[in-house]
Amino acid sequence: MNVRRSAAVLAAVAVLGAAAPAAADSSPSPTPQALPSALYGDTDPQYDGVWRQSLALLAQHAAGVEPPKAAVGWLTGQQCADGSFAPFRADPSAACDAKTMVDTNQTAAAVQALAALGGHDAVTDKAVGWLKSVQNKDGGWGYTAGSPSDTNSTSVVVGALAAAGEKPGEVRKGGKSPYDALLGLELPCTGKGAGAFAYQPEKDGSLTANADATAAGVLGALGRGLLVEPGKGDGAAGSCVKAATPEQAAANGAAHLAGALAAKGYLLAATPGAEDQPDVGNTADAVVALAAQGDTAQAEKSYAWLEKNAADWAAQSGPAAYAQLILAAHATGADPRDFGGTDLVQQLQAAGPAAPGKTTTAEDEAEDEKDSDSPFGVWWFVGVCLVAGIGIGFLISNRTKRQQP
């Protein structure tokens, strides 16, 4: 999923986090001269176009809504010939080249959305092939091809592999699977941050607990994607036990999240130099992770907090934020059409094709006529991370900044 999470666009190569993939940016971002009418949202898609489109399509699928054909066609048309995706390519008719900065997060999110919708095997198979080709020797993935593995990127790719019918544990490089990489990024059960996941090791090799990475890591260790069916379990978090398996690592991470959420029902956004405030996007991601693990009790409590406090955040943050909340509702068995008096599905749809202010471009018209499995390409502005504040959780959300005790 910042998506999850909280996609916070920072600068080259540093992935800060959310959905994403994620952090909500309440400030307006520059709008391209011709914003594609098939794209969800009305902000500059340069850094998160494919990510937010993927989450929007996935959330509508979860809510039982068939997304507009134009929106799906726009997403498939963003694929490069080698199978990868980048955040946004204004001219999909131009081939991707060495300057096209593609990334694993956008690619994996697109796979999860298109696999859920069905009928796009040509696109998803090629994307999975590219993801396998850029797997690191430790079994994980970094945000861009060749960059060091991180929990968020590895987890969203695991979700893509599972969605496409692969067995993540059997996807290996140098004898290592993605689960090996995730186990190496989890903190031990003693000391500060016990059981949590780090985004990446610090320069000295130590691990620092990160809430966003932990939510992503739980899903990744469980072999799950951003779309999680209503959780089943005994409703309570377990205690941290030394993890020898990905399942135990997921249980440890969930226990850490449950402990962090217990006091107030939400996670904090630890922004340097600023007062602590609720991190809505990461809280939504944590709800999904807890539901997947089976800690339904805390998941439902934190979802109730979201119902009371997240509507304004979503309205300011845009379609990826609405999608995050819909996915949290789905994971807890709640009705996204009655989210504290707000119809999340309607709000998300209103941000899509034919929304007021959108301009139909020649590319849109051509896309409507193209086969939905078109392999054409994309370009990406490297490194970077996501969209400040959306809380897209996994992918890009103040990941390295949000450290959870």
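Only this structure's heavy atoms are used, side chains among them; waters, hydrogens and symmetry mates stay out.
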Contacts of E307 that satisfy side chain to side chain donor-acceptor pair (under 3.5 Å) - sequence neighbours left out
none
Check against side chain to side chain contact (heavy atoms under 4.5 Å, CB included), L161 and K167:
CA-CA 7 Å; L161 294 172; K167 295 181 178 180; over 6 Å; no
Side-chain contact test, heavy atoms from C-beta onward, threshold under 4.5 Å: evaluate it for F197 versus L187 and give yes or no.
no
Are T43 and R52 close enough, and set up right, to give a side chain to side chain donor-acceptor pair (under 3.5 Å), and what steps lead you there?
CA-CA 11 Å; T43 55; R52 74 185 187 218; 3.1 Å; yes
Applying side chain to side chain contact (heavy atoms under 4.5 Å, CB included) to V50 and W74, what does each step give before you reach the verdict?
CA-CA 9 Å; V50 165; W74 182 90; 4.3 Å; yes
Classify the side-chain pair H330/E229 by whether it contains a donor and acceptor separated by less than 3.5 Å.
yes
Test side chain to side chain donor-acceptor pair (under 3.5 Å) applied to T144 and D103, step by step
CA-CA 5 Å; T144 56; D103 69 79; over 6 Å; no
Side chain T154, main chain W141, donor-acceptor under 3.5 Å:
yes
Can you sort out the partners of W130 under ring-ring contact (aromatic ring centres under 6.0 Å, His included), two or more places apart, ordered by chain and number?
none
Tell me yes or no: between the side chains of D150 and S153, is some donor less than 3.5 Å from an acceptor?
yes
Do the side-chain N and O atoms of N152 and N105 include a donor-acceptor pair separated by under 3.5 angstrom?
no
Once rounded to the nearest 0.5 Å, what's the spacing between atom CD of Q324 and atom CG of N282?
8.0 Å
Sort out for me which residue in W313, Y303, Y322 forms a ring pair (Phe, Tyr, Trp, His ring centres under 6.0 Å) with F339.
Y303
Looking at residues at least two apart in the chain, or sitting in another chain, which of them share a side chain to side chain donor-acceptor pair (under 3.5 Å) with T124?
none
For E202 and T208, does a side-chain donor sit closer than 3.5 Å to a side-chain acceptor?
yes
Using the side-chain contact (heavy atoms from CB on, under 4.5 Å) definition, which of the options D285, L261, T332 pairs with L290?
L261
Minimal heavy-atom distance between L219 and G225, with the atoms involved, is CD1-O, 3.6 Å
Only counting residues at least two apart or in another chain, list the ones meeting ring-ring contact (aromatic ring centres under 6.0 Å, His included) with Y266.
W305
Answer with yes or no whether the side chains of D312 and Q316 bring together a donor and an acceptor at under 3.5 Å.
no
Do any pairs count as a salt bridge (charged side-chain N to carboxylate O under 4.0 Å, His left out) and have a residue in residues 171-186, sequence neighbours left out, and if so which ones?
R172-D180
Side chain to side chain donor-acceptor pair (under 3.5 Å) filter on T190, not counting sequence neighbours, yields none
